[in-house]
Amino acid sequence: MNASDRSARIRETDIYARLRETVLAALAQVVPDLPPEIAARVEVSPAKDPAHGDMATNAAMVSAKAARQPPAKIAAALVQHLTASPDIQTAEAAGPGFVNLRLKPQAFRALLPVILSSGEAYGDATTGTGTKINVEYVSANPTGPMHIGHCRGAVVGDALANLLTKAGFDVTKEYYINDAGAQVTALAWAAYWRYLQAIGSPMTEEEFANEVPGGLQYKGEYLIQVGQALATQYLASLATPDLGIASPELWIDTVKDHTIHAMMTEIREDLRLLGVQQDIFSSERALVASGAADRIIEKLHADGLIYEGVLEPPKGKTPEDWEPRPQTLFRSTEFGDDVDRPLRKSDGSNTYFANDIAYHADKIDRGYDVLIDILGADHGGYVPRMKAAVKALSQGTTKFDAVLCQIVHIMKGGQPVRMSKRAGTYVTLRDLLEEVGKDAVRFTMLTRNSDAQMEFDLDKVLATTRENPVFYVQYAHARCRSVLRAAAEITTTDDLATASVDTLASEPELTLIRRLALWPRTVEAAALAHEPHRIAFFLYDLAADFHMLWNRGKDDATLRFIQADHLQETRARLALVAATAVVIRSGLQVMGVTPVEEMR
RNA sequence: GCGCCCUUAGCUCAGUAGGAUAGAGCAACAGCCUUCUAAGCUGUGGGUCGGUGGUUCGAAUCCACCAGGGCGCGCCA
C-alpha cells in the first residue's frame, strides 16, 4: 500500500484521523509557517463531555506560542475555516482555546457501511508498517508443566502480538527455552531417578538423593513417564551393571535431551490449549552449543565493554558471605544500568545474562527494530541490564521494551488458593483451563493492566452478571447474532453494508456509533503503549452501549431492532447491530477469545 | 541502604500521547421490571486522584522530595 492509499484508507476508517487532517489544513491557513514539530502536537480527541460536542482539538493552544497570537484568536480563525468542512455541523471556540467540533450525524453513520465491508479488518492500522517487532513470551524453564504463574505472561504476550499485528507491525512471536542452566541439570537428575526406578534399581530415594549434586529436586510425578520412556528406549544401558548411578558423562546429555523434549511437548500442548501459537522456539542450549554466546562475549571484549573487575558490595546491606572477587563484567553502567553485571560463573560457564545477551544479539541480527520481552515482575531488576545490552549490541538502533506481569492470586470460594507443590495445591494451567475454559482465562487475564496485581476469582469468571466482563461482552455479541438470526426470516442481512442508515438518529444509537468510531484509535493507542488490556476495557464499554440500546426495546416495543412493518428502519438498525458484532469480534480476535453465537 | 513498579469513590479498577466539571462495576439508598434470547433496568449519594513543592496557558498524567505497599539488589533463571 502506498502513502496516498494509506491516507485514503485512514480517512475512510478513522474519523478522528480524518478530522485531524481537516484541522491541520485549516491551521495551515491560519498560521502559514507553522513548524512541523508543533503540527505534530495537534490532536483531535473525543470530547469527554457531550456538551462540548463530539470532538475537540488543541490546535490553537499548541500553536499559540509559535504563531505569537493568543489561543483564542487562532481558535476563532479556525472556527471560520472548519465550519466549511462537509463533516462538521458546528465548530466553536471554548475554554482556554479548545475548538469543539460537533459532527453531522451522517459523518458518523457513514462509518457503518465501511465497518460492514471491512469486516474484522476494521480497526487495522498502518502505524507499524515497515517495523519488525519480536515479542518474546512465556519462556518458562522446561522443568515441568505450565502453572498459573506462566499463564498471564502467555496471554499478555500473545494478545500484544495480535494487537501489534493489527496495528500493522510485522510481528514474530517467540519462545525462548531456558534449557541450559543448573535447573535443567537438576531436572535431568530427577528424570534419571525415575529411570532407575523404571529399570528396577534397588537404590532408595534417599540413597540416590545423597549422590545428586545439590540434592534431588523436581519430585513431581510427571517425570515418571519420562523415566519409563528412557527405560524402554535404553534398557539398562544408562546405569551401572548393578543398576546404580553411572558416571554422568555417560547419560546426562541423553537424559537432558529426552527430558527437555518431553517437557516441551507438554508445554506446547498447554500453550495450544490456551490458544497460543508461537512462530519460533529458540533454545538457550543450542545457542551455547553453537558457540554464539562465546562469540558475542568476544565481540563485546573487542569493543572494550568487558573487563575483569571486583564489584562493590550492595550499599547498606552487605550479604553475610560477601567477599571481593574478581569477575568477568559487562560495562552495563555505560548504557544506563546501575552496576556492571557478571557474565561468567566461577566454574567458567556463562551466567544466564551472558547467554541472554547472545540471544538478544541473535534477535537483533535477525533484523528486528523492536524487541519486547514479557517478564514476570520479579524480573524487573533485570530490565535495565538487558536494555543496556541491547543498546550496546545495536548501537542504539534497536529498541527494547519489557512488559512486566504482576502476580496473579487465584481465589476460590472467597479464599486464596495457595501455590504450593508440597501441599498439593499446585494449580497447573491445564487444571485452570479445564475448570473455566480458554476464553474466560484469556479475557480475565486482560482485564487488568499487566503491571497491577490481579485477583483471579474462579467463581466470578463464570458468573453471568454484568460485573463479569467476559460474560457481559460475550453476551452482547450473542445478542447481536441472535437479532440477526431472527431477522433472517424477515429481511436479508447479507447486504446490510448497502443499507440506508440515515434514520439512525436517537442518542443511544449515535452513542453506539461513536463508540464504534473509536475502535481504530483504541487499537493504535493500545499498540503503541504495549497495553493489550485496553482492548478488554473498550469491549466492555462497547457492550454497555449496546446493552443500553437493547434495553430500550424493553420499555418501548417500537425501539426494538426488528420492526416487521418498517423494513427500511429495520435494515438500518440491523446494520448497526451487525457493525457492533463485527467490532466485538475484531476485539476478541486480538484477545484470542472466541466469540459466542449464543448463550446456552 | 539503593533501584524499579504501584497508591484514584466504602471495595475492585479505568482514565484514551498534558486538556475543560476525574469515570465504570460492585456495595449503599430510592424506584421499576417477568423478557425481540434470558441471567435485569432507571435514578441518587459518594473523591483533597497518598502528601508537599515545581514545570506549564492547563497536571491524576511530567519533575523533585516525603509517606505507605510490592519486587529486586555479586556467578538463580
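Basis for what follows: all heavy atoms, side chains included, without hydrogens, waters or symmetry-related copies. Chain letters run A, B, ... following the sequence lines, proteins first, then strands; residues in each count from 1.
OP1 or OP2 of B/C57 has not a single side-chain nitrogen or oxygen of A/Lys73 nearer than 4.0 Å.
Contact annotation for A/Phe353: no contact, since no heavy-atom pair falls under 4.0 Å across all strands. A/Ala94 comes within contact range of at least one nucleobase, with a heavy-atom separation under 4.0 Å. Within 4.0 Å of A/Arg573, counting heavy atoms only, lies no atom of the nucleic acid at all. Residue-level contact check: A/Pro324 touches the bases, meaning some heavy atom is under 4.0 Å from a base atom.
In terms of modelled atom types and a separation under 3.5 Å, the side chain of A/Ser482 and the main chain of A/Ala478 share no donor-acceptor contact. Side-chain atoms of A/His150 do not come within 3.5 Å of backbone N or O of A/Met146 as any donor-acceptor pair.
Map A/Ser482 and A/Asp451 each onto its nearest nucleotide of RNA chain B; the residue landing nearer the 5' end is A/Asp451. Heavy-atom nearest nucleotides on RNA chain B were determined for A/Gln327 and for A/Glu597, and the one closer to the 5' end corresponds to A/Glu597.
Atoms CG (A/Asp457) and C1' (B/U12) sit 11 Å apart, rounded to a whole Å. We find that CZ of A/Arg341 is positioned 13 Å from P of B/G3, with the value rounded to whole Å. In this structure, NE2 of A/His150 is placed 11 Å from C1' of B/A77, rounded to the nearest angstrom. Atom CG of A/Asp378 and atom P of B/G69 are 21 Å apart (whole Å). When rounded to the nearest whole Å, the span between CD1 of A/Ile407 and C1' of B/G69 equals 14 Å. Look at CD1 on A/Ile357: it is 14 Å from P on B/A77, rounded to the nearest Å. The CG-P distance, from A/Leu542 to B/G23, rounds to 21 Å in whole Å.
Going from the P atom of B/G74 to that of B/G69 covers 23 Å, rounded to whole Å. Look at the P atom in both B/A28 and B/A67: the space between them is 39 Å, to the nearest Å. Nucleotides B/G43 and B/C62, compared at atom C1', are 39 Å apart to the nearest Å. Across B/A24 and B/G46, the matching P atoms stand 14 Å from one another, rounded to whole Å. Annotation: B/C32 and B/G15 have their P atoms spaced 38 Å apart (nearest Å). One P atom belongs to B/G51, the other to B/A22, and the distance between them is 15 Å to the nearest Å. Rounded to the nearest Å, the gap between the P atom of B/U12 and that of B/C2 is 30 Å. Spacing of P atoms, B/G50 relative to B/A9, comes out at 8 Å, to the nearest Å.
Applying the Watson-Crick and G-U wobble criteria (two distances, each under 3.5 Å), B/U7 pairs with B/A67. Across all strands shown, B/G43 forms a Watson-Crick or G-U wobble pair with B/C29, both key distances being under 3.5 Å. Pairing of B/C2, defined by two Watson-Crick or G-U wobble distances under 3.5 Å, is identified with B/G72. Remark: B/C62 base-pairs with B/G54. Criterion, Watson-Crick or G-U wobble with two distances under 3.5 Å. Nucleotide B/G23 forms a Watson-Crick or G-U wobble pair with B/C13, both donor-acceptor distances falling under 3.5 Å.
Under a 4.0 Å N-O distance rule, the pair A/Glu507/A/Arg552 does not qualify as a salt bridge. Salt-bridge formation is detected for the pair A/Glu136/A/Lys363: a Lys NZ or Arg NE/NH1/NH2 atom is positioned less than 4.0 Å from an Asp or Glu carboxylate oxygen.
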Q: List the steps, then state whether ring pair (Phe, Tyr, Trp, His ring centres under 6.0 Å) holds for A/Tyr137 with A/Tyr175.
A: CA-CA 6 Å; A/Tyr137 54 106; A/Tyr175 184 118; 8.3 Å; no
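One side chain, A/Thr127 or A/Glu524, offers a donor N or O that lies under 3.5 Å from an acceptor on the other. A side-chain N or O of A/Asp347 and one of A/Ser349 form a donor-acceptor pair less than 3.5 Å apart. No side-chain N or O of A/Asp451 forms a donor-acceptor pair with one of A/Gln406 less than 3.5 Å apart.
The aromatic ring of A/His379 does not sit over the base of B/G72, since the test of centres under 5.5 Å and planes under 30° is not met.
When distances are taken from the side chain of A/Leu311 to each of B/C57, B/G74, B/C36, the shortest belongs to B/G74. Checking B/G70, B/A77, B/U37 against the side-chain heavy atoms of A/Asn178 singles out B/A77 as nearest. Distance from the side chain of A/Asn100 is smallest for B/A20 among the nucleotides B/A20, B/C71, B/G25.
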Between the protein and nucleotides 39-42 of chain B, are there any N/O to N/O pairs under 3.5 Å, and if so, what are the atom names and distances?
unit_1: B/A39; atom_1: OP2; unit_2: A/Tyr475; atom_2: OH; d: 3.1
unit_1: B/A39; atom_1: OP2; unit_2: A/Arg479; atom_2: NH2; d: 3.4
unit_1: B/A39; atom_1: O2'; unit_2: A/Thr464; atom_2: O; d: 3.4
unit_1: B/A39; atom_1: N7; unit_2: A/Tyr475; atom_2: OH; d: 3.2
unit_1: B/G40; atom_1: OP1; unit_2: A/Thr464; atom_2: O; d: 3.3
unit_1: B/G40; atom_1: O2'; unit_2: A/Lys554; atom_2: NZ; d: 3.0

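Annotation: A/Tyr475 is in aromatic contact with A/His547 [ring centroid separation under 6.0 Å]. Taking the six-membered ring wherever Trp is involved, the centroid distance between the rings of A/His477 and A/Phe546 does not fall below 6.0 Å.
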(Q) At under 4.0 Å between heavy atoms, how does the protein contact nucleotides 13-19 of chain B? Give one character per nucleotide, 5' to 3', with B, S or -. (A) SSSBB-B
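Between the OG1 atom in A/Thr444 and the CD atom in A/Glu455 there is a gap of 12.5 Å [rounded to 0.5 Å].
Checked against side chain to side chain contact (heavy atoms under 4.5 Å, CB included), A/Ala544 has the following partners two or more places apart in sequence or in another chain: A/Arg466, A/Tyr472.
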